[in-house]
Amino acid sequence: MAKTEKEERLARDRAEIEARVASFRETQQKFEREREQYCDTTLANAVNGSAPSFWR
């Protein structure tokens, strides 16, 4: 059974949306990892008594 032009267009649109959602999720996960790393580093520096250079 051959797909109609409309069905093919809808399938392409769905595939594009899925790709965009996957890209968005990857970006959000990257930002979350970076925030966690920043938080861990900042907390470790605070515990160790290190201050950012602009506070010295």
In Å, rounded to the nearest 0.5 Å, how long is the span from [atom1] of [X] to [atom2] of [Y]?
X: Glu16; Y: Arg20; atom1: CD; atom2: CZ; value: 4.0 Å
X: Arg35; Y: Thr42; atom1: CZ; atom2: OG1; value: 13.5 Å
X: Thr41; Y: Glu36; atom1: OG1; atom2: CD; value: 11.5 Å
X: Asp40; Y: Asn45; atom1: CG; atom2: CG; value: 11.0 Å

Quick check: are there more than 12 heavy atoms from other residues, nucleotides or ligands sitting under 6.0 Å from CD of Glu5?
no

Kindly check if the number of other-residue, nucleotide or ligand heavy atoms within 6.0 Å of CD (Glu34) is above 12?
yes

Assess the residue pair Lys30 and Glu26 against the criterion (salt bridge (Lys or Arg N to Asp or Glu O under 4.0 Å)); give the C-alpha distance rounded to whole Å, side-chain angles, the decisive distance to 0.1 Å, and a yes or no.
CA-CA 6 Å; Lys30 175 186 170 209; Glu26 289 173 11; over 6 Å; no

CA sep, side-chain torsions, deciding dist, call: Asp13, Arg9, side chain to side chain contact (heavy atoms under 4.5 Å, CB included):
CA-CA 6 Å; Asp13 290 347; Arg9 182 176 41 82; 4.0 Å; yes

Assess whether a salt bridge exists between Arg14 and Glu18, defined as any Lys/Arg side-chain N lying under 4.0 Å from an Asp/Glu carboxylate O.
no

